[in-house]
Structures are given as structure tokens and as C-alpha cells.
Amino acid sequence: MLIVVALGIGSAAYNTASNILFMTLSLLLSSLILSGILSLVNFKKLKWRLDAPRHVIAGEEGLARIYLNNQKSAFPSLCLRFRTAHSMANSEEFLYLPGSIAAKQTTIVDWSFTGQRRGPCNLDLRGVESKFPFGFLSKTVGDSQIQSVMIWPAPIEYEFNPLANGKQSSLGDARSQIGQGSDLLKIRNYTPGDAPRQIHWKASARMNRLMVREHAAEGQSGYHLALDTDLDIWNEVQFEAMCSLAFTLARDLFHRNRLRSAQILGDELIEMRSLRDLHTFFDDLSLLERAQKQSGNARSLPLQNEINLRPSGDHGVSIYLDGIRTGETK
Amino acid sequence: MEYRSISMEYGPAKLSSNQLHQLKQTLGTVLTLLSVWALFSLDIQSEALLVPAALLAGSLVIFPSLPKRIPERAWRIVTPVLIFIVLTDFITNAPEFIPSLVRMVVWLLIYRNLAPRSQREDMQLILLCLFCVVLSGVLTVSLLFALEILLFTPMAMILLFLICLTDKGKSGQKEIDWEGFHWKQLLIDLKRVVDFRVAVLTSLLFGFVVTVSTVLFILTPRFNLEQAIPFLELPTQARSGFSDVVQLGDVSEISEDDGVAVRIDVPSIEAVGANPYWRMLVLDNYENGAFQMSANLRRRLRQINARELPLGEKPASLRYAPPWTFYVEGGISRFLPVPGKYAVMRFQAEQKVQYDDEVKLHALENVKQSVFSYQLAGLTFPKSIDAGQTEIEKLRNFEDSSTGTNGYPETTVRLELAAEDRQILNAINQGILDGRSLSAREYAHELEAYLLANFSYSLNPDGQIGNSASGRDPIVHWLSNGTRGHCELFAGAFVLLAREFGFPTRMVVGFAGGAWNGVENYFLIRNSDAHAWVEIYDPKSTSWVRMDPTSGTLSQGNSSSRSGAFEIETGWDAWLDSLRIQWYRRVVNFEQDDQIAIATGVQRIFSELSGNIKDRLSSFSEIWKERFKGAGSYVAIGLLALLLSATLVLVFLFWRYRHSCLEWLNFSLNRKQKLSQMRKEAGRLLKRLEKRGIEDHSQALLLQLQEIRYGPNMPNSHAREIFSETRKLLRTKLHRA
């Protein structure tokens, strides 16, 4: 705005040779210079870093954090806003820093975002923008910082009733708590996601690294989730519903300690020993796409308690346990 | 690294978001008030709108929550109503559009102040205010503009800063809450925020803006000024005494005004003659008791576009002769005061001028509302002006043929009076001549002596000159019955008597005398110096001789200054007025030549400075060379090495600990202020109570004292009451003890 006004007054000054206009022009230009200097000071020694979560569930709010550090020794930085965008939204958003950040201080700015659909999502912090000091000239500094977030499928409501189909015995083998009343199978290395109570402290002390107990109960009961991505079976809507169902079912079964493994047909079987295994499966689910069935993808022998998902109607998905229909999406 | 969460660590700002919005709103209103004040300088006959606008802005400053009472639906009809008013104004006042434009801006200002404002509207308000201030400045070229822009700039900057601070995007916009708003509280909070450091920093920044803008103003290249288009001008009326038709008494009326009419930058005080006369108008025709410029003389004025007069090449010696710069205030006259002969008349830019080289008349197309400046080079103050060839020819032919025509210069002899009046004039002339045959100059002096002997100067003439019921000419009536009169009567009587005798004579109106401003050394002419005198044609020298029949009255001790002599002014008023001439010299009339002069001056200063430094360095090196050669050379080298080392160490220490220094400075400035006297006194009394062991007996008093000592500030009167009670308690306990 000021630049346009300065141009207007400048041309009027030159056309009319009025020193009053030259005086006004000088004041406007000096204000522009001051604005530039103050803006430079405002941005000087300002560092920021984006810390995004690894994954977020589609439709739910995710929270990334921006660590902003003012390394100046005397002056605060004011009126800052971050230019943000993520690959699932076309528009750019501004994230305002409330108040100011004092000299030698660090602050955290929360960036909440929502992934609309499953798949990878890039969070793009395009720099810090400020209209400081006079609010009419927007200046941006800094390179783009991009971090990828995996958007897991959105949860879906479903019914799953294995008991109604004579699977009570096999389900009864599952324990609600790990290690209660079962024999110790082995002691293995700790992997992120293992429950702290599983840690074997004596073994950890001896080995000088974290070790966890694995009970006989693990791997001996629960379900095996097998997903078929055959293009001929699924239409697009059903396929998305299948991914959501697989995600929700796997999550729920895992939390009840009843998910033993999961496999996408054609990929390797993922044994659900820890949360990390589940997350790996979720990441795979996020990237899952329909594919033409290939001859090598066929599995020779189905596992016991194997859950398969099949289309039901135009939009729905049914759950089959060992070939028997035991549930469906609502 | 220590991370701070906003929600945890950053407490509320010293001024809350709502307070910042309140401040922004009221500052916008103050800016509006300033703009309306600036518009008052314009003579656009819009007081009916400007006064309510100023009152409204003033009310909004005091009661900023007033617009909240306007119902939302009212804003729906405002836009069409405003459009209707503005269009009607433009159409009815066409083709004059500046007053309508100004009124439109005032309407918009009123609307912007009453309607809710977001960031965009705040920006619009600032632009509207800037427009008002600049338009007023450009049209009036007044010194007041400097003050207005100096007030406007920091206020606009603070307002813009507040807009920036309160900008939280569209989602962050909210209505201002005026509930419980008190100016006092806001100012107290503001005072808390604006501490010493903020005030100093703000002042420094403003100083920076002023300095940089001054440098930019000087350095901004001025070129093609010859092709400059004159800025929009507001026409105005001339003073009645300085128009084409002058009634008797008009000039004297002006002389009652003590305002400054013209300021003149002159080469030196000696250059101004002892009795300077500043010719503006030549009134050759006399009809019905009024002097006027005849239609023929008006037609003689050639209208041209020029930056310099006379047209054509001039010798360099004349072109670069020391110039006299005239600054004529607005609303005086379209005729320019020119004392006499000049070599070159120069305007700041190309100008539409009407002028006649023979009669020496110079007029602008319109009366300027703002100050108008021009330069005269090679100026002289002759007592007589050479008549032009046309004038000489026509006047000679007129004498020969004795046939009257209506053309100029014959109008300077024509006398259309009743026979009775002419008889009176003739009788007076016969008395003056006393049978002698006199030349024009001799006659003029005799006539001047006659008037001096028979009439005295007064702004309240007698002789019933205004009474036209008698059907007699007012001047002749005054000559017959009056004893005192003003300059127009003296000059008019002179003209009529001389014409009756047959000498071509004309009345001249302008200024006589003036004053010298001793503060800034310039000449100034006030409206009170307005004067009328005559020019009589002398066929012998073929020139128009200036005669001032009023001037002789001054030797009789008349208090009114009509002598043309000037006094030297000093003191507070002179200092204030000198600011204006500085403004005209340094700002309004600043041009390329001034830039060149400044550049040359700076170059000279730098060359002198570098020369001095070089000399000092060479002498310094010579001294050290001598010392190195001498017996104590080791000592000298040691001293030099020590000096260099100390300098390096100091530089290193400063650089190494600069942050610590800054922190120390920060700490020192942030250090808590010393306890106030009130708190000190409360502390003393608490100690005394403790010492006497009587603190348990009066818990309420104790708590109040502790509140004064450690709590928030308390009104002095209340604290004094508590102190008084405590002392009373202490005394009581002491007596009992």
C-alpha cells in the first residue's frame, strides 16, 4: 500500500514540482526504509524447526510443533506468522505467533492439521512471514521445511461377532493380559512399543540392554488378518471401506491382544509382536492400493483364525473368520 | 535447550488484546481530528460540514464507545445515502470539484469513524487522513503543514504498528469490548508499557525518520521543472483594495489588518531604499467616486506562459544578479508587488501571467489561496518610471489635438465631473498657481504642499465623503468641506486637481514601507502597509513621477505609518515569523540550484576536512619520525606499541563482552525503582510497631500498613490517614508505657 501511495505522490511531485509533495514523498520513503530495517532486526537470528508426528489418523486432528528460537541478545521478535501448507489441502494457512518472543527465548507453536484421507501427507513450513512493523508490507524469510506424515485410514464402525459362529473355543484361548498364567517362551530384545511391564530387568542388567519376556500365550491364540487387494473384487469405495475396516479391526484386536499377525496378500506376513509391528501394518494400509491378482500372490494354506474381508453390497465390507461371515461394516 | 510453551510461559501482554484494539480505535479518531483540523486551513466554504465532523471526532475521542449504540441495520442505508450526497455535491458544484472532493473525504472520514473497522478499514482511514493533510499542505503551502505532518507521521506509524500487532488473521478478528472502558485506566496501563527504553527507542526511530526524510528531500533529484503542471488550485477573492476597482476607503480598510502580506528575501538591508514603495495596481480611470483600471488598460495586459520575464535572452550579468525573492501570502491580490525596474522576473515554474512592460503591471490569472513566490533580479527603486513609447506618443497627440478618447493613457487625463465640481477644482488650482506657470514636477510639489497645509491624515475622514445624496463628487466634497482624510482621499484629490489642470495622473495602489526582521534578515510587508499614491506624467523627462501626497502629513507627527520607512523587528513575534521565511526558503522554494549549492558546500567541507586531517597526520608522522631518530627512540617505540596494544585489547574486550555489556545495560534499566516515600514511611511505622510490641493489638492497622508497604499503589490521602492513626496509636501506647 505504502509503495503504491509513494509512487502516486512521487509522480504527482515530479509533475507539479511541488516541494510539499516531495516532502511527503521523502517521509514515505524514509518510513519504508525504517520498515525495512525494523523488519530485518525482527527476523535476525530467528531459528525455527518443524517437528511433525510420524502418523495421524485420517479425519482426526494431528499436532505438529514448531520450535521457534529468538537468538537475539536484546530485541524481541513480534508479529510473526508461519506460512504453512500440507499436501492434502490446496490452500496456504497462516499460523500466528501470539504476542512476541523475547530475546534468547524459545517457544513452541502448535500446528494442528487434519489429514482428510489415508496416504502420505507432506507438512510444508514455508517460512516465517511478518508485516512488522507497519502492517502493509509482508516479508517472508526462510526456506521451506517439509516433513512427511503418514495418514492412516479413518476408523469405521463395524460389527464383529465371532462367538455367534461357533468360534468360542479358539477365542477362549486368548488371554486378556500378557504373561498371566502362561509359560515363558523366550526372552528377546526390546523393540519400541513393548509394554514396560514386559521388560525383564535382570536379563537387561546382565545383557546391558533392554530385554523383554515373550510368553507362550503370544502367537498361540488370536487372529490373523489377511487382506486381498484384488482389483477384480473391490471397487474404489469398497476398497477404502476395507482399508478403514482393516485399520479399525487390527487396532481393536491388538489392544485386546488378539491380533497375532496381519498380511497383505503378496507381501510378507507381519507378526504383531509389538506396537511397531502394528504401525508398520498401518503404514502399509495407508499406502495400499488395488492391484491385479498375480499367480505368485496366492497363499497355499490359510492360518487358523484367519480373518478375511470381502465386499458386501455397494459400499460395505464383510468380515469372514475362517471362511465364515462373522461381521460387517455398519 | 529449554523450551517454553506459549500457554505456560507467556502470560498476558502488558496491554491486553482488547486494550490494543481500544487504543487503535481511539488513535484513528485522533488522526481524523488532526485531518479535519488541517482541512480548516482551506477556504472551501465547508464549515457546515467540517465543524460537525470535528465535534464528532472530538466526542469519539472522549466517548469511544458511542458508535456501538448505532444499530446494525443503520449501516445498510448509509452507502446509498452517501453516494447520493456526494454525487449531488459534485453535480451542483461542477466544474469546481476540489471543495466537493474534500467534502466527500470528510463524509468518508465520518463514516469510517462511526462504522466498525477491521484492518482494511483502518488502513483506509489512514489513507484518507493522509490525503487530507497533504491536500491541505499542497493547496495552502502553509508552515502549518510542517506541524501537521510532524504530528501525523508518528501517530500514523503507531496506528499502523497497532494494526500489525492486532492482526491475527480473519479468525482472530473480534469486536472491541468497551465495557468498563476508562481513559484513565488505559493511560495508566499504557504508561506501564511505555517505559524509559521504549520511549527512547521510539524517539530515536522518529528522529531517524525525520533525518532520513530530510536527506531524501535534499537529494531527490529535481528535473524538468520547466514542464511542471501547476497543482490544483483553489480560487479565492482578492482584498477589495487590491482589485481592479477600488472604492474610496478600501485601501484604508486593508491597512487596519496587521497580518503579513509579503515577505521578501533581499540581498542586504542596504539594498532596500529608505522609502520603498511596492507598486501593485495602476488605476487610471475615475468614475462615480471610484478609481478603477480602465478596460483599455486591462486589455493591454498580455497573457503569456513564461518562467521568466521579459521574454528573450538576457545578459548573464543580469540573469545572475543578486535576486530578490518575494513570497506573497495567499488571498492578497492577483497583482504582484513590483517596486520598480528589474532585469529579470523569475517564477518557480512556468506560470500564466498577465503583464505590461510599459505600465509595469504584473498579474496572475487568479488570486492564489496559497503563498506565491517569484524572484526579481537587477531590481532598482526609481522615483520615476519611464513612460512607454506608446504612452509618450498618445499623450503628445492628446495634448496636440485636445480630443478626448476612452483609451489608455488618455484615461489618465479624463475628468468626468459636474461643472460645479470642476469649478471648485479650478478654483483650488488657481490658488495653488497664483498666476505662475508651473511644470508638472513643480505643480506636483505645490499641490502636495497645498494638501499638506490644508488636510491632515486620518483613517476617519470628515467632509461627508460617503454622502452621495448631494450628487456631488465625494473627493471634491471632501476638498471643499473636509479637514482630515486617508491616503485614497489625498491621492484622489491629487489626481483630480492635476487632471483638472491638464496633467496626466494616475492612482497607484500597493504597499509603502515595511519592516525588517532582524532574526532572519528579511523584509516583510504587512497589510497595514497598504497604501495609495499617485504618478504624474512629466512630459519633459517623459516619465511618470511618483508623488505621495499623504507622506507629508507624517512629518506632522501622525502616528499612522505611511512614510515608506521601515523599522527593525526583533523579539518573539519576529522569531515566529522567521520560521515562515525559513519554511519558504528551505522547503517551499527548494530547487535544483539549492541542491547544487548544498552539494558544493558539502564538497568544500569535506575537502577542507580531508586537507586538515592530512596535515595533522603528516605533522604527527613527522614528530614520531623525529622521536625515532632521537636518543629516546626505544621509549617512543615502546609507548607506541603500548598504545596500540591497549587499543587492541580494549577493542577485543569490547567485542568479547559486548553481550554481557548489553545484558548489564538491560539489567540496569530494568532495575526496580527505588521505593516511594509512602512505602518507606509504611516500612518505618511497621518497624516501630514491631519494636513496641503492639502489632498484635491492632491487626487491621497492621494489615493496612503492610498493604501500603508491599501492595499496589494506594491513593496518598488514604495512606496518610493510616499513618496518622498509627502514629496516634504509637503515642497512646508510649504514654501508657
Side-chain angles (χ1 to χ4, degrees), chain A residues 1-2 4-5 9-10 12-35 37-38 49 65 67-69 72-75 78-79 81 93-110 130-137, chain B residues 1-6 9-10 12-13 119 122-123 127 130 133-134 137-138 141 145-146 149 153 156-157 160-165 167-169 172 205 208-217 220 222-225 227-231 348-349 587-591 658-659 662-663 665-666:
Chain A
M1 182 191 77
L2 192 71
V4 174
V5 174
I9 290 181
Y14 272 105
N15 279 320
T16 60
S18 165
N19 275 327
I20 298 291
L21 289 176
F22 275 116
M23 192 179 171
T24 314
L25 177 70
S26 308
L27 269 171
L28 287 175
L29 290 178
S30 61
S31 303
L32 268 176
I33 293 170
L34 178 71
S35 161
I37 292 170
L38 289 180
R49 179 172 60 82
R65 298 188 127 186
Y67 294 92
L68 179 68
N69 181 22
K72 288 191 284 287
S73 55
F75 294 102
L78 303 98
C79 308
R81 62 182 189 179
E93 284 178 5
F94 291 104
L95 205 61
Y96 286 83
L97 173 78
S100 61
I101 175 165
K104 292 184 176 173
Q105 296 295 332
T106 302
T107 189
I108 299 168
V109 180
D110 291 335
S130 178
K131 289 183 178 177
F132 182 82
F134 299 135
F136 46 74
L137 205 61
Chain B
M1 192 182 287
E2 179 200 356
Y3 292 115
R4 289 187 168 195
S5 153
I6 292 167
E9 298 290 338
Y10 280 79
Q119 188 190 11
D122 279 321
M123 295 272 191
L127 272 185
L130 177 70
V133 173
V134 172
V138 172
V141 201
F145 171 74
I149 200 81
T153 307
M157 280 181 171
L160 285 169
F161 179 61
L162 286 174
I163 293 170
C164 185
L165 273 185
D167 176 25
K168 294 286 174 277
L205 290 178
F208 171 83
V209 170
V210 172
T211 311
V212 171
S213 59
T214 308
V215 172
L216 285 174
F217 178 78
T220 310
R222 266 76 161 176
F223 48 83
N224 286 337
L225 295 187
Q227 278 99 48
I229 308 159
F231 197 82
Q348 203 177 7
V587 180
V588 178
N589 265 27
F590 188 81
E591 55 183 17
R658 65 188 192 282
H659 295 303
L662 271 174
E663 275 174 11
L665 192 69
N666 213 10

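In what follows, every chain begins at residue 1, and chains take the letters A, B, ... in the order their sequences are listed. Since we're looking at a predicted model, the values are computed, not measured.
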Next item on the list: For residues Val212(B) and Leu34(A), determine if any side-chain heavy atom of one lies less than 4.5 Å from a side-chain heavy atom of the other.
Entry: no
Checklist line | Distance (rounded to the nearest 0.5 Å) between Ile37(A) CD1 and Leu205(B) CG | finding: 9.0 Å
Notebook entry, point to check: Hey, does Leu27(A) have a side-chain heavy atom less than 4.5 Å from the side chain of Phe217(B)?
Noted result: no
Next item on the list: Assess whether side chain to side chain contact (heavy atoms under 4.5 Å, CB included) is satisfied between Thr16(A) and Val138(B), documenting all intermediate values.
Entry: CA-CA 10 Å; Thr16(A) 60; Val138(B) 172; over 6 Å; no
Check: So how far is it from Ile33(A) CD1 to Leu216(B) CG, rounded to the nearest 0.5 Å?
Finding: 5.0 Å
Next item on the list: Please determine, among Ile163(B), Val215(B), Val587(B), the option with the most heavy-atom pairs under 4.5 Å with chain A.
Entry: Val587(B)
Next item on the list: Please state whether the side chain, the backbone, both or neither of Phe94(A) comes within less than 4.5 Å of a heavy atom of chain B.
Entry: neither
Check: Pick from Ser26(A), Gly135(A), Gly10(A): which one has the most heavy-atom pairs with chain B under 4.5 Å?
Finding: Ser26(A)
Notebook entry, point to check: Does any heavy atom of chain A fall under 4.5 Å from the side chain of Leu162(B), the backbone, both, or neither of them?
Noted result: neither
Notebook entry, point to check: Is it the side chain or the backbone of Thr153(B) that comes within 4.5 Å of chain A heavy atoms, both, or neither?
Noted result: side chain
Check: So, for Phe145(B) and Thr24(A), which heavy atoms are closest and what is the spacing to 0.1 Å?
Finding: CZ-OG1, 3.7 Å
Margin query: If the test is side chain to side chain contact (heavy atoms under 4.5 Å, CB included), which one of Thr214(B), Val209(B), Val210(B) qualifies with Ser30(A)?
Written below: Val209(B)
Item checked: Residue pair Leu165(B) / Cys79(A), side-chain heavy-atom distance below 4.5 Å -> yes
Notebook entry, point to check: Is it the side chain or the backbone of Asn589(B) that comes within 4.5 Å of chain A heavy atoms, both, or neither?
Noted result: backbone
Item checked: Evaluation steps, side chain to side chain contact (heavy atoms under 4.5 Å, CB included), between Tyr96(A) and Asp167(B) -> CA-CA 9 Å; Tyr96(A) 286 83; Asp167(B) 176 25; 4.0 Å; yes
Margin query: What part of Leu78(A) gets within 4.5 angstrom of chain B, counting heavy atoms only: side chain, backbone, both, or neither?
Written below: side chain
